Number of protein chains: 2
Amino acid sequence: MADQRPTFKAFKKEALRNPDVKAAYDELAPAYAMKRDMIAMRKAKGFTQEDMANLLGTRKSSISRLESVNSENSPRLSTVEEYARVLGYRLKIEFEKNKPSPKIN
Amino acid sequence: MADQRPTFKAFKKEALRNPDVKAAYDELAPAYAMKRDMIAMRKAKGFTQEDMANLLGTRKSSISRLESVNSENSPRLSTVEEYARVLGYRLKIEFEKNKPSPKIN
DNA sequence: CAATATGTTACCAAATTTGTGAACTTATTT
DNA sequence: AAATAAGTTCACAAATTTGGTAACATATTG
């Protein structure tokens, strides 16, 4: 993938000019980022999904679903909190003001 | 409440020396802070719970429950996201490494 | 390549959250 | 003080998430 990095960035930038694409992206981006972080934290400890399942008293299939970006589930806050807790992290929830969308007219 | 502010701070500090109290506090503090922020954002716009209910297609009783610190519910991530969205905010979820508890021995 | 470990997906049951109306309490306005 | 607005709580139904098993897919190891 190394060779096409600039191409992909350009593609992404161009795609995001489409308001529908932008809306969908903004909606999903936070969840994507969160799951990316969760997986990174787990791997940093050398844990498998099954390790997490044991720590949390559940099954690896649940962990897979929780980490899956494709899953159409929106997990409970407490589910994410506990996942983080067994890895030695605590959840910090913040609210960021939206950037005002520049007027087109 | 003005007069007893220092007293309350001292009380809180003392209470948190109890490990059980501390554990309960750490577990609830993030949710408390989040709800406090949500209410503050809503009021900053001059919205009532019923206004929020209308914006979100639900009823004021649901909003009350969502904002309630007493509620034993852990809401879905998407519920908090949408609440924030109609107020012009987006959710930012971070994971903070726990401070290592100082060894007692 | 074979064997094993890890991760994914589908399905159903169980648990929990959310929608809703109603009765109630508390705060604000007239 | 009375009237209205705002917020709370309860109970139940509806919707969604989570637990669990199994079969499959993909990666890693021997």
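Please read all numbers here as calculations on a predicted model, not as lab measurements. Quick note on labels: first sequence line is chain A, next is B, and so on, each numbered from 1.
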*Asks:* Is the distance from OP1 or OP2 of C:dG7 to the nearest side-chain N or O of A:Arg42 less than 4.0 Å?
*Replies:*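 For A:Arg42, the contact criterion (side-chain N or O under 4.0 Å from OP1 or OP2 of C:dG7) is met.
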
*Asks:* Taking the side chain as every heavy atom from C-beta outward, state whether A:Met41 and A:Tyr89 have any atom pair closer than 4.5 Å.
*Replies:*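 A:Met41 reaches A:Tyr89 side chain to side chain.
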
*Asks:* Kindly compute the distance separating OH (A:Tyr83) from NZ (A:Lys35), expressed to the nearest 0.5 Å.
*Replies:*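 The OH atom of A:Tyr83 sits 11.0 Å away from the NZ atom of A:Lys35.
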
*Asks:* Are B:Phe47 and B:Val86 packed together at the side-chain level, in the sense that at least one heavy-atom pair is separated by less than 4.5 angstrom?
*Replies:*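 Contact flag for B:Phe47/B:Val86 side chains = no.
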
*Asks:* For every nucleotide of nucleotides 22-30 of chain D, 5' to 3': is a protein heavy atom under 4.0 Å from its base (B), only from its sugar-phosphate (S), or from neither (-)?
*Replies:* B--------

*Asks:* Per the end-axis method with five pairs at each terminus, what is the bend angle of the helix from C:dC1-D:dG30 to C:dT30-D:dA1, to 10°?
*Replies:*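 If I round to tens, the end axes sit 50° apart.
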
*Asks:* Out of the candidates B:Asp37, B:Leu77, B:Leu91, only one should pair with A:Ile93 under the side-chain contact (heavy atoms from CB on, under 4.5 Å) rule; please name it.
*Replies:*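 Per the side-chain contact (heavy atoms from CB on, under 4.5 Å) rule, the option paired with A:Ile93 is B:Leu91, out of B:Asp37, B:Leu77, B:Leu91.
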
*Asks:* Return the value, rounded to whole Å, for the distance between atom CZ of B:Arg59 and atom C1' of D:dA11.
*Replies:*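 Nearest whole value for this atom pair: 16 Å.
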
*Asks:* Would you indicate whether the side-chain heavy atoms of A:Gln49 and A:Arg42 approach each other to under 4.5 Å?
*Replies:*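 Side-chain contact under 4.5 Å: yes.
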
*Asks:* Any non-hydrogen side-chain atom of B:Arg76 less than 4.5 Å from a side-chain atom of B:Val80?
*Replies:*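 They are not in contact (no side-chain heavy atoms under 4.5 Å apart), so the answer is no.
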
*Asks:* Expressed in angstrom and rounded to an integer, what is the separation of A:Met52 atom CE from C:dT8 atom P?
*Replies:*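 Spelled out: CE on A:Met52 to P on C:dT8 is 14 Å.
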
*Asks:* Can you tell me if A:Thr48 touches the phosphate of C:dA5, counting only side-chain N or O atoms and a distance under 4.0 Å to OP1 or OP2?
*Replies:*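 Looking at the OP1 and OP2 atoms of C:dA5, neither is under 4.0 Å from any side-chain N or O of A:Thr48.
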
*Asks:* Write down the distance between CG (A:Asn54) and P (D:dG20), rounded to a whole number of angstrom.
*Replies:*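 The distance from CG of A:Asn54 to P of D:dG20 comes to 11 Å, rounded to the nearest Å.
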
*Asks:* Could you say whether B:Glu50 or B:Ser78 is positioned toward the 5' end of DNA chain D, judged by the nucleotide with the nearest heavy atom to each?
*Replies:*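 Taking each residue's closest nucleotide, the earlier one in sequence belongs to B:Glu50.
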
*Asks:* Where is the tightest heavy-atom contact between B:Asn73 and B:Arg65, given as atom of each residue plus distance?
*Replies:*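 Closest approach of B:Asn73 to B:Arg65: ND2-CD, 4.0 Å.
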
*Asks:* What integer distance in Å separates B:Asn73:CG from D:dC10:P?
*Replies:*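 Rounding to the nearest Å, CG of B:Asn73 and P of D:dC10 are 13 Å apart.
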
*Asks:* Distance check needed: D:dA15 P versus B:Arg76 CZ, whole Å only.
*Replies:*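 About 12 Å, once rounded to whole Å.
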
*Asks:* Are A:Thr79 and D:dT18 close enough that a side-chain N or O sits under 4.0 Å from OP1 or OP2?
*Replies:*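 Yes, within the criterion.
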
*Asks:* Without decimals, in angstroms, what is the distance between B:Arg65 CZ and C:dG21 P?
*Replies:*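 In whole Å, C:dG21 P and B:Arg65 CZ are 13 Å from each other.
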
*Asks:* For DNA chain C, whose closest nucleotide is more 5', that of B:Leu56 or that of A:Asp51?
*Replies:*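 Comparing both residues, the 5'-ward one is A:Asp51.
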
*Asks:* How close or far is atom P of D:dG19 from atom CD1 of A:Ile63, stated in whole angstroms?
*Replies:*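 After rounding, the reported distance stands at 8 Å.
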
*Asks:* State which of D:dT9, D:dT18, D:dG19 makes the closest approach to the side chain of A:Thr58.
*Replies:*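 Within the option list, the nearest is D:dG19.
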
*Asks:* Side-chain N or O of A:Ser64 less than 4.0 angstrom from OP1 or OP2 on C:dT8?
*Replies:*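 For A:Ser64, the contact criterion (side-chain N or O under 4.0 Å from OP1 or OP2 of C:dT8) is met.
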
*Asks:* Between A:Arg90 and A:Arg85, is there a donor-acceptor pair closer than 3.5 Å when you use the side chain of the first and the backbone of the second?
*Replies:*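 No, A:Arg90 side chain to A:Arg85 backbone: no donor-acceptor pair under 3.5 Å.
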
*Asks:* Mind checking whether A:Leu66 and A:Met38 have side chains closer than 4.5 Å, heavy atoms only?
*Replies:*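 They are in side-chain contact.
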
*Asks:* Roughly how many Å is it from CD in A:Glu82 to P in D:dT17, rounded to a whole number?
*Replies:*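 That distance rounds to 17 Å.
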
*Asks:* Taking the side chain as every heavy atom from C-beta outward, state whether A:Ile63 and A:Glu50 have any atom pair closer than 4.5 Å.
*Replies:*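 Not in contact.
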
*Asks:* Taking only the side-chain nitrogens and oxygens of B:Ser62, find out if one of them lies under 4.0 Å from OP1 or OP2 of C:dT18.
*Replies:*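 It does not, given that no N or O in the side chain of B:Ser62 lies less than 4.0 Å from OP1 or OP2 of C:dT18.
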
